[in-house]
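Notes for the one structure printed next.
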Protein chains: 2
Amino acid sequence: MLSKKTKYAIKALVILGKNMDQPPMQISRIAETERIPKKFLEQILLDLRNAGFLYSKKGAGGGYSLNRDPKEIFLVSIMRITDGPIAMVPCASLNFYHKCDECHQETTCGIRDVFVDVRDATLKILSETSIADIISREQSLIHP
Amino acid sequence: MLSKKTKYAIKALVILGKNMDQPPMQISRIAETERIPKKFLEQILLDLRNAGFLYSKKGAGGGYSLNRDPKEIFLVSIMRITDGPIAMVPCASLNFYHKCDECHQETTCGIRDVFVDVRDATLKILSETSIADIISREQSLIHP
DNA sequence: TTAATAACCGACTAAAATAGTTTACTCTAT
DNA sequence: ATAGAGTAAACTATTTTAGTCGGTTATTAA
Ligand code: FES
Ligand code: FES
């Protein structure tokens, strides 16, 4: 299951993606419109900022805005920041690899072999889908 | 991440799949060979039995064996028993659907739209891969 | 028929991950 | 100066996962 953290992150980025040409938006405003606990969202946006996705400005009139084109922010990158690995077994993870403590020898593990395929299929979609894509998918769903 | 429960379930079914023509195998033997906590494995095998995948026999000389062809036991069915939903968001689950409490209207949700695609890709692999496939993949990995 | 074996069952506990909250600090515009 | 708004670390609560415990029931073999 996707964590709430990841879901909130995507929602925040989508809102900021629709806010591109306007002045920065405050955490409290995002939190209110999406009904996300403010302090929790604060942590999440900070992570995204430290990862380079967001620009932030302190003080009056400050807030957050996207630091790059929403077409270039892909779900896979967000999920790696908020949830960590994409793969369902640690031994199949590209960015968070570690040995499975339950399996004796990973090179001949049939489970790993299957879940590498699952990872590839998932990764293909998540690394092709951007915040801009989510926004345009929502548009298509509203006006079919 | 795949739970240990699911991983243990697959491992147990693989062992039993290799044991098809022999007398039933005891929990304790499976637990020892795969280093799975016995009492935990007991629960898991019981679930698989109640779902109709295993045959069990009590008393001396008893144990567990597969109740059907390993070619007909697919990962998707096992995972649904041990972990529940395949989809990463509840609103995209076929067998364990429920509303997302974070999203206002599911019909126009862009996140859901993407994760339905992810579910389909995952589901395709998991519903095509059987215990027999895992066994033969392991053979291929051992003798390339 | 009794003892041993092995699955069955429900309730309990421990540990880890997730989802937050609290408190205090720093920067910026007015 | 002061109010607005992000930064940061530490703390707490809740939920999920991963087990454990103690006893019951069915089957076989001596
Ligand atoms: S080695 Fe990772 S699943 Fe077996
Ligand atoms: S409705 Fe389920 S992710 Fe939005």
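Numbers restart at 1 for each chain; the letters A, B, ... are given by sequence-line order, proteins then strands. All of these numbers come straight from a predicted model, not from anything done at the bench. All values below come from the heavy atoms of this structure, side chains included, with hydrogens, waters and symmetry mates left out.
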Inset, instruction - Under the side-chain contact (heavy atoms from CB on, under 4.5 Å) rule, collect the residues that match up with A:Leu54, sequence neighbours excluded. - result: A:Leu13, A:Leu16, A:Leu45, A:Leu48, A:Arg49, A:Tyr64, A:Leu66

Inset, instruction - Could you list the residues that satisfy side-chain contact (heavy atoms from CB on, under 4.5 Å) with B:Ser127, not counting sequence neighbours? - result: B:Val76

Inset, instruction - Could you note down all residue pairs passing ring pair (Phe, Tyr, Trp, His ring centres under 6.0 Å) where residues 12-49 of chain A supplies at least one of them, sequence neighbours left out? - result: A:Tyr8-A:Phe40

Inset, instruction - Between protein and nucleotides 12-22 of chain D, map the contacts as a letter string: B base, S sugar-phosphate only, - none, heavy atoms under 4.0 Å, written 5' to 3'. - result: ------SBBBB

Which residues pass the side chain to side chain donor-acceptor pair (under 3.5 Å) test with [X], not counting sequence neighbours?
X: A:Glu106; result: A:Tyr97
X: B:Thr82; result: B:Thr6
X: B:Glu102; result: A:Lys7
X: A:Glu32; result: none

Inset, instruction - Using a 4.5 Å cut-off on heavy atoms from C-beta on, say whether the side chain of A:Arg112 contacts that of A:Cys100. - result: no

Legend entry - Selection: residues 10-19 of chain A, any non-hydrogen atom under 4.0 Å of DNA chain C: none

Legend entry - Within residues 84-98 of chain A or reaching into it, pairs that qualify as salt bridge (Lys or Arg N to Asp or Glu O under 4.0 Å) - sequence neighbours excluded: none

Inset, instruction - Enumerate the residue pairs fulfilling salt bridge (Lys or Arg N to Asp or Glu O under 4.0 Å) with a member in residues 57-74 of chain A, sequence neighbours excluded, ordered by first and then second residue. - result: none

Legend entry - Phosphate OP1/OP2 of D:dA5: any A:Ser56 side-chain N/O under 4.0 Å: no

Inset, instruction - Considering just the side-chain nitrogens and oxygens of B:Arg49, establish if one lies under 4.0 Å of OP1 or OP2 belonging to C:dC8. - result: yes

I'd like a list of close polar pairs between nucleotides 3-6 of chain C and the protein, N/O only, cut-off under 3.5 Å.
unit_1: C:dT5; atom_1: O2; unit_2: B:Ala60; atom_2: N; d: 3.3
unit_1: C:dA6; atom_1: O4'; unit_2: B:Gly59; atom_2: O; d: 3.3

Legend entry - B:Asp47 CG - C:dC8 P separation (whole Å): 11 Å

Inset, instruction - Please state how far atom CG in B:Leu48 lies from atom P in C:dC8, giving the value in whole angstrom units. - result: 11 Å

